[in-house]
**Q** 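What follows is a single structure, and I will ask about it in a moment.
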Amino acid sequence: MIFPKIKVLHSHGWQYIPDLNAVELTEEFRGRPVLTPTADMRDVEAAAKICPTKAISVQPFSLDLGKCLFCGECALRAPKNIRFTNDYKIGSASREALIVKPGDERVEFCHEQVREEIPALFDKALKLRQVSAAGDASVEMELNASGNVNFDFGRYGVEFVASPRHADGVVITGPISKNMAEALDICYKSIPEPKLVIVCGSEACSGGLFAESKAINREFLERYKVDLWLPGTPTHPMTFIDGVMNLLRKKSR
C-alpha cells in the first residue's frame, strides 16, 4: 500500500536544503576555534602537551586546523583560552590560512592564490576523482554525503566520477601511505590538463596522527600545487561545499 510509505516520508520531514549558502550547523558542531590569550597560559601549555598532532603552539599562541583532530580535548583543558564555534567555513586556498591566531574572526580563503583558469573553466561543471590514500573512510563518507538528497551539490555541476580520465581534478583523503603514493600519482597523471588538487581532511592536510610514520610518503604534495585545503576529522559536507564554491568564485566568504 502506498499510504504507509507516504506516512514514513511525511515523518522524515523536508530534508532538501534549498539554499546551501544559508546553512547553519548545530551548536554542538566543532568548527573554527576562537583563541583568547590570558596572563596565565599554563592551561594552554597543558593542552599543547596532550595534543596528539601538535596542532597547538604556545609561543606564539596558535592552532593549526590542518593538524587539528577536532577532538575538543584542548577546549576542555583550557576553556578560557580555546573555544570551538560551529563555523564550518574553514577551508582555504592557502595552507598558512589554516593556522588560527588570537583575534581571527574567520578563516581567510585567499582568493588571490586561486589560479585564474579554475573558475574560468570549471564554474559550470566540475568533475572530481576521489582517491583514498590510506584513509579510514570517514572523510570519504562525508564527501559522498555532499551529493545526497540533503545537500545535492550536483545542482552546481560538482560531482564525483569513477575514472580519472573523466575528471577535472583529484580529491585526496587520508595521510598518503607509501602503498598508495604511486597509485595516487598515476591517477593524477591520468587526469587531462588543466586540473586541480584538493586535499580533504586533517590527515590529508598534514598527515594527522600518522605524520611521523615510516609508512607515509607525502612527496606528491611537494611535486604538485594544492588548490584547496579542507581540514576536519572528518570534513563536514558543508566545509567541502563552501570550499569548492569559493574556489569556483560562486561565493565570497
Side-chain angles (χ1 to χ4, degrees), residues 25 29-33 47-48 50-57 62-75 82 84 87-100 107 109 128-146 160 164 167 169-188 196-244 247:
L25 300 183
F29 175 76
R30 293 194 194 105
R32 176 181 56 84
I50 65 173
C51 181
T53 58
K54 300 180 177 62
I56 302 172
S57 172
S62 64
L63 195 156
D64 188 345
L65 294 181
K67 296 180 178 180
C68 183
L69 301 180
F70 294 85
C71 63
E73 291 298 319
C74 58
I82 304 173
F84 283 91
D87 182 6
Y88 57 83
K89 302 172 184 178
I90 54 177
S92 182
S94 166
R95 175 66 179 88
E96 292 73 23
L98 301 186
I99 301 176
V100 178
V107 174
F109 185 81
L128 299 168
R129 177 68 171 97
Q130 190 269 317
V131 176
S132 178
D136 62 1
S138 61
V139 178
E140 293 83 346
M141 287 191 291
E142 296 299 293
L143 289 175
N144 288 338
S146 68
F160 291 99
V170 60
V171 180
I172 304 169
T173 59
I176 311 182
S177 66
K178 288 182 178 179
N179 290 341
M180 280 300 299
E182 183 180 2
L184 174 60
D185 199 61
I186 292 172
C187 176
Y188 176 78
L196 53 88
V197 176
I198 299 173
V199 293
C200 195
S202 297
E203 285 184 353
C205 288
S206 66
L209 288 170
F210 312 100
E212 299 179 5
S213 171
K214 295 180 180 179
I216 299 302
N217 181 354
R218 296 176 57 79
E219 293 178 2
F220 178 92
L221 301 181
E222 299 173 5
R223 292 195 301 270
Y224 306 113
K225 173 180 170 52
V226 175
D227 297 289
L228 181 59
W229 300 85
L230 298 170
T233 312
T235 304
H236 194 279
M238 282 308 305
T239 299
F240 172 71
I241 291 169
D242 173 78
V244 173
L247 186 67

**Q** So do the side chains of Asp87 and Phe29 get within less than 4.5 Å of each other, counting heavy atoms only?
**A** no
**Q** For Ala55 and Cys51, work out which heavy atoms get closest and say how close.
**A** N-SG, 3.3 Å
**Q** With side chains defined as the heavy atoms from C-beta onward, is the minimum distance between Val171 and Leu228 less than 4.5 Å?
**A** no
**Q** Mind running side-chain contact (heavy atoms from CB on, under 4.5 Å) on Arg95 and Asp64 for me, showing each step along the way?
**A** CA-CA 10 Å; Arg95 175 66 179 88; Asp64 188 345; 2.9 Å; yes
**Q** Go through the structure and list residues passing salt bridge (Lys or Arg N to Asp or Glu O under 4.0 Å) with Arg218, not counting sequence neighbours.
**A** none
**Q** Find out whether Pro234 and Met141 are in side-chain contact, i.e. whether some heavy atom of one side chain is under 4.5 Å from a heavy atom of the other.
**A** no
**Q** Restricting to pairs with a member in residues 197-208, which pass salt bridge (charged side-chain N to carboxylate O under 4.0 Å, His left out), not counting sequence neighbours?
**A** none
**Q** Heavy-atom distance under 4.5 Å between the side chains of Met180 and Val131, does that happen here?
**A** yes
**Q** Under 4.5 Å between any side-chain heavy atoms of Thr233 and Cys68, yes or no?
**A** no
**Q** Who passes salt bridge (Lys or Arg N to Asp or Glu O under 4.0 Å) against Arg30, sequence neighbours left out?
**A** none
**Q** Between atom NZ of Lys67 and atom CG of Leu98, what is the distance when rounded to the nearest 0.5 Å?
**A** 11.5 Å
**Q** Tell me, please, which residues at least two apart from Glu73 pass side-chain contact (heavy atoms from CB on, under 4.5 Å).
**A** Ile50, Cys71, Leu76
**Q** Could you check whether any side-chain heavy atom of Phe84 comes within less than 4.5 Å of a side-chain heavy atom of Cys74, counting everything from C-beta outward?
**A** yes
**Q** Drop me the distance from His236's NE2 to Lys89's NZ, to the nearest 0.5 angstrom.
**A** 13.0 Å
**Q** Would you give the length of the straight line joining atom CG of Leu128 to atom CG of Leu143, rounded to the nearest 0.5 angstrom?
**A** 9.0 Å
**Q** With rounding to the nearest 0.5 angstrom, report the CG to CD distance, Asn217 to Glu182.
**A** 10.5 Å
**Q** Grab the two heavy atoms, one from Ala204 and one from Leu221, that are nearest each other, plus how far apart they are.
**A** O-CD1, 3.8 Å
**Q** What do you reckon, is NZ of Lys214 surrounded by more than 12 foreign heavy atoms closer than 6.0 Å?
**A** no
**Q** With sequence neighbours left out, what residues match Tyr188 under ring-ring contact (aromatic ring centres under 6.0 Å, His included)?
**A** Phe220, Tyr224
**Q** If you take all heavy atoms of Ile176 and Ile216, which pair is closest and at what distance?
**A** O-CG2, 3.4 Å
**Q** Would a distance-only check, ignoring hydrogens and angles, find a side-chain to backbone donor-acceptor pair under 3.5 Å from Asp227 to Val197?
**A** yes
**Q** With rounding to the nearest 0.5 Å, note down the distance linking OG in Ser94 to CD1 in Ile99.
**A** 8.5 Å
**Q** Is there any salt bridge (charged side-chain N to carboxylate O under 4.0 Å, His left out) pair reaching into residues 134-143, and which pairs are they, with sequence neighbours excluded?
**A** none
**Q** Looking only at heavy atoms, what is the nearest atom pair of Pro175 and Gly135, with distance?
**A** CD-N, 4.4 Å
**Q** So, for Leu230 and Cys205, which heavy atoms are closest and what is the spacing to 0.1 Å?
**A** O-SG, 3.7 Å
**Q** Counting distance only, does the side-chain N/O of Ser202 pair as donor-acceptor with the main-chain N or O of Leu69 below 3.5 Å?
**A** no
**Q** Quick check for you: to the nearest 0.5 Å, what is the distance between Phe240 atom CZ and Thr235 atom OG1?
**A** 9.5 Å
**Q** State, yes or no, whether a side-chain contact exists between Thr53 and Ser206 at a heavy-atom distance under 4.5 Å.
**A** no
**Q** What closest approach, in Å, do Gly201 and Val139 show between heavy atoms, and which atom pair accounts for it?
**A** CA-CG2, 4.2 Å
**Q** Is the closest side-chain heavy-atom distance between Pro164 and Val170 below 4.5 Å?
**A** no
**Q** If we ignore hydrogens and angles and just use 3.5 Å, is the side chain of Ser132 paired with the main-chain N or O of Thr173 as donor and acceptor?
**A** no
